[in-house]
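Hydrogens, waters and symmetry mates are skipped; everything else that's a heavy atom, side chains included, is used. Residue numbering restarts at 1 for every chain, and letters A, B, ... go by the order of the sequence lines.
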2 protein chains.
Amino acid sequence: MRKNVIPGSFQLMKKINTGLVFDAIRLYAPISRAEIAKLLNLTPATVTNITAELLKRNIIMESDFGKSNGGRRPVLLKINPNSYYIISVYIGPTKVRVATINMESEIMCSKQESLYSNISFEKAKEIIVTLIREVIDSCIVEKNKILGIGVAIHGIVNFEKGIVVFSPNFGWKNIGLRDVLEKEFDIPVFIDRDVRAMAMAENWYGEGREFDDFICIKVGYGIGAAFIKDKQQIRGVSDGLGEFGHIKIKVDDLKCICGNYGCLENYASERAVIRFARENGYEDEFDIEKINLEALNGNKVIVEALKKAGYYLGLGVANLINIFNPGLIIVGGDLVDINIYFESLIESARENSLEDLFEHVKIKRAKTGKDSIIKGAGLLVLDSLFDSIEGEVIV
Amino acid sequence: MRKNVIPGSFQLMKKINTGLVFDAIRLYAPISRAEIAKLLNLTPATVTNITAELLKRNIIMESDFGKSNGGRRPVLLKINPNSYYIISVYIGPTKVRVATINMESEIMCSKQESLYSNISFEKAKEIIVTLIREVIDSCIVEKNKILGIGVAIHGIVNFEKGIVVFSPNFGWKNIGLRDVLEKEFDIPVFIDRDVRAMAMAENWYGEGREFDDFICIKVGYGIGAAFIKDKQQIRGVSDGLGEFGHIKIKVDDLKCICGNYGCLENYASERAVIRFARENGYEDEFDIEKINLEALNGNKVIVEALKKAGYYLGLGVANLINIFNPGLIIVGGDLVDINIYFESLIESARENSLEDLFEHVKIKRAKTGKDSIIKGAGLLVLDSLFDSIEGEVIV
DNA sequence: ATACTTAGTTTATTAATTAAATAAACATTG
DNA sequence: CAATGTTTATTTAATTAATAAACTAAGTAT
C-alpha cells in the first residue's frame, strides 16, 4: 500500500502557498508583494491575503519602500527576526553547543560544554538540559516565544521517531532523545544528524539558496551526505540515507570501522590523511590545524596525503554525479577548506565522471562556516512551521 | 532562483486527487468508491465527483457489485481497458518493436523490425514510422482514441526536450525524435531511456506496485538505473540520472567504453561475464542463452564468471543501499534471471552494505518480464494523463 | 495638468472540497 | 420477519481559498 498519500485539500493549498511565500521572503527579502506574486505565479490578491496573515502573526514585517518602477512604490517585506526564537543544540563528538537563534538564524547567545567518550546519556542529558535552561535565561526570551528545539547530532538518527539510533563516540544506542526533551521543556523537538543540519543551513543561507535540489557532503572524522530535493530533506526508508562514507571504492582493501572493506572513509577522511602521512614517514603529532599549516609550508608528505585523500573523495563525488546527475554538490568540513585537498577533489571528480554530467554540476565549498550545524539544527524547527496537520500552525 | 514552483490552486488540488483516484483504481481494481475514500483520506463526496468524471470520460467503468459488509453492496470500479490506446515503441540496440497497448497495458498487437549498427536516423525513422502505421491499421484503432506515443530507447535521452542525446549502437547524437514523430502523427510523444520505461512497468505492474519509492537497475550489455520517488521518475538536473554502470569500484583498473577506468560495467555486465570466462580459457562462441545453459550444466568457468560478475553488481547495489537507504531495489535483465548471478549479487550486497540499511531493503527480480520496456514506454504516456496545465486533460 | 504605470486592496466570483442530510440496499437481531 | 442499524453512494448546502476584475494609492513621463 502506498504511504505518502497526501490528497489535495484547501489546507494543503494554503499550506503550500503560505510556505512558498514565507520561503520567498526568507530567500529574497526585502521583497515586495508584487515580486512575490510574479515569482510564485500567484495572484496579487492571494499574496496580499497570505502576507496579511503572516504580518498578523508577526512572522514577517514591512520594512521599507522600494524604488518605484514607474508607478506606486512597492512595500518591502522581510522576516521579523525577533518575533520568535528557536533553541538549537549541536551534540558533537567532543562537545555540546546550545544556542538561541532568531527567525533569521542569527545566534542570539550560545553556550557550550565538553563531553567525553562513552559519557552516559544520563550525564549528557543533565548537561544539555542545563545549557538549554541557561541559554533561555540569559537571552531573557519569553518562553512562549520559543518555537521549538532543534538538535543536530553526529551518528545515526531516526528523525521521524526522534531517536538517536547510534552515536559512536558515546556508545549510545536507541536513545529516545526527542521524548526526553519534550517532556522536560514541553515544546516541539526535532532531531537529525549533523550533515543534514548542515545541508539545511546551506539550503537557506549558503550555496543552496538558489537551488531546489542538491547534495551536501560533510567530511570530518567520517564522511556523510544529505540529499535535498525541492528544498526538503530526503531521509530514506528507515531514515538512514547518506552513509556516503561507506560506499566501496576498492575491493577487499582496508578494513573500516563499519566492519566492511574498502570504504571511502578509509581513503578520503581526516583519518585517511593522517594514515597516508604516517605511511610516508610523518611522525609528529597532528590535528587538522597542523595539517593545514604544514600544507601551506609545502611539506611534501602532507601535501601528497591531502592530494591523495582529495582524489578519493573526488572519486566518490564522481560516483554521485554519475548516479544522480545533480546540479549542485556542496562539500563542507575542515579538510575541504584546505585548497590542496579541494582542488584535488574537483579534478578527480571531473576525471572520474561522465563529461556530459560533470558539465551540469557545480561543486562548491560550504558557505555557512563554523556555525552551519547549529544554525541548521534550528532550521529543522523553522521548516515545520506550516507543517501542522489541522491547518493549525504552531505559532 | 527556484525552478519547481507549483503553487497551490484549484487545478492542482483537482489534478492531485484525480491522479490519486486513478492510481488507486489502477493498483487495486476492482475497488469501490468507499474503499478509495478510505485509502486516500478523501470524503465520499469527492470520490463520487471524481469517479463520475472519469466514468463520463470512459477512462474507468463500473464492473460489478462487491460483497456487502453489513450494508449496501459496493459498486466496484476498474479501468476501462479499451477506452483509449497508446502506441509504444522500444528502440533496442538491434531491433525496434512497436505495439498498441490498452489502458491496462495489455499488448493488443505488436510488430518488430531489425536494426543494424550505425543505421542512419533517416532510415530508422522510416522503419519506425511504417511500423507505427501498420500497428495502427492492424488494430483498427480509431485514430482519435490514441492518447499518444511512448518511446523507450537505449542510450542517453533527454525526456524534457524529447531528444536522443546519444545512442551508442547507432551513433546518433542529439536527434529530435519527439518533434519528428509529433509532426508525423500529430499526437503527443514521450521519449525516455529503456531502464526508465522498465521502472515504470515495475512501478505499476511489477514489484514496485506497493511502493512509493524504489530503485530499478537494468543489467544488459551495460548497466543503468532509474529512481522512482512518490511513484514518479526522478531524472536529474539534465535528464542524465542513472549512469549507475559508470560508478568506479576499482581505482585505475580496466578502461571502460566511456573513457574512464574501473567502471562497474566492466565487472558486472554481460560484457564482464564474457570477459571473465574468456580470461579463464573459455573459447566457444556464446550469447546469454548459451551462458545460462552452461551454468545449468555446471560449467565451472561460466559459473565462476557469473559469481564474480554478480559479486560486483552486489557491490554496486551495496553502494546504492548505503547512499540512499532504499526500501526496494528491482533488478532486471537476462543475467539477473540466472540464479547463480542473482544469488551472488544478493550475498554481496548484504556483505558490502551496512547491516541496519540492508535490513530495510528488499532486492527483487523484475517481475514484468520480456514486455516490460514496451509496456513501460506506454506508461510514459499514461502518466501524463492528468498533467495538462490548464486543467484540460488530453482525452 | 494629464495620461499612464505599477503596487496593493477590496469585492464578487468560482472551483472544488467538506459536512450533513438523504437514499438505497443490505445484514442482524429479538 | 419486522425493526433497527450499517454500509455505500449521492445530493445539497456550506465552506475554503484562489481568482478575476474593479478600484485605490502613489508614483513617473510628457
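- A salt bridge is defined here as a Lys NZ or Arg NE, NH1 or NH2 lying under 4.0 Å from an Asp or Glu carboxylate O, and B:Lys143 with B:Asp186 fails to meet this definition.
- In this structure, A:Phe65 atom CZ and D:dT28 atom P are separated by 13 Å, rounded to whole Å.
- Between B:Leu42 atom CG and D:dT10 atom C1' there is a gap of 16 Å when expressed in whole angstrom units.
- Nearest nucleotide to the B:Asn49 side chain, out of D:dT10, C:dT17, D:dT19: C:dT17.
- Between the CD1 atom of B:Ile50 and the P atom of C:dT18 there is a distance of 9 Å, given to the nearest Å.
- Between A:Arg72 and A:Thr48, the residue whose closest nucleotide on DNA chain C is further toward the 5' end is A:Arg72.
- Between A:Arg73 and C:dT5 there is no side-chain polar atom (N or O) within less than 4.0 angstrom of OP1 or OP2.
- Here B:Asn17 lies in heavy-atom contact (under 4.0 Å) with sugar-phosphate atoms only.
- Summarising the geometry, the separation between CG on B:Asn41 and P on C:dT17 is reported as 14 Å, rounded to the nearest angstrom.
- Take the nearest nucleotide of DNA chain D for B:Thr51 and for A:Thr43: the residue whose nucleotide is more 5' is B:Thr51.
- You'll find that the side chain of B:Met13 is closest to C:dA16, out of C:dT18, D:dT19, C:dA16.
- A:Val47 comes within 4.0 angstrom of no nucleic acid atom, judged by non-hydrogen atoms across all strands.
- Between the C1' atom of D:dA17 and the NZ atom of B:Lys14 lies a distance of 16 Å, rounded to the nearest Å.
- Within 4.0 Å of B:Pro74, counting heavy atoms only, lie sugar-phosphate atoms of the nucleic acid but no base atom.
- If you measure from atom CD of B:Glu35 to atom P of D:dT8, you get 8 Å, rounded to the nearest angstrom.
- The residue among B:Phe10 and B:Asn69 whose nearest nucleotide of DNA chain C is located toward the 5' end is B:Phe10.
- B:Leu12 places its CG atom 15 Å from the P atom of D:dA17, with the value rounded to the nearest Å.
- Residue contacts for A:Ala34: at a heavy-atom cut-off of 4.0 Å it reaches the sugar-phosphate backbone alone, with no base atom in range.
- Ion pair A:Glu160/A:Arg178 not flagged as a salt bridge, since none of the NZ, NE, NH1 or NH2 atoms sits closer than 4.0 Å to an Asp/Glu carboxylate oxygen.
- One finds no salt bridge joining A:Asp383 and A:Lys231 here, because no Lys/Arg side-chain nitrogen approaches an Asp/Glu carboxylate oxygen to under 4.0 Å.
- Nucleic acid contact for B:Thr46: base, since at least one base atom lies under 4.0 Å from a heavy atom of the residue.
- Remark: B:Glu53 engages B:Lys14 in a salt bridge, criterion side-chain N to carboxylate O under 4.0 Å.
- For D:dT7, the OP1/OP2 oxygens have no side-chain nitrogen or oxygen of B:Ser68 closer than 4.0 Å.
- Atom C1' of nucleotide C:dA25 and atom CG of B:Asp64 are separated by 16 Å, given to the nearest angstrom.
- Enclosure of atom NZ in B:Lys145 by more than 12 non-hydrogen atoms of other residues, nucleotides or ligands within 6.0 angstrom is indicated.
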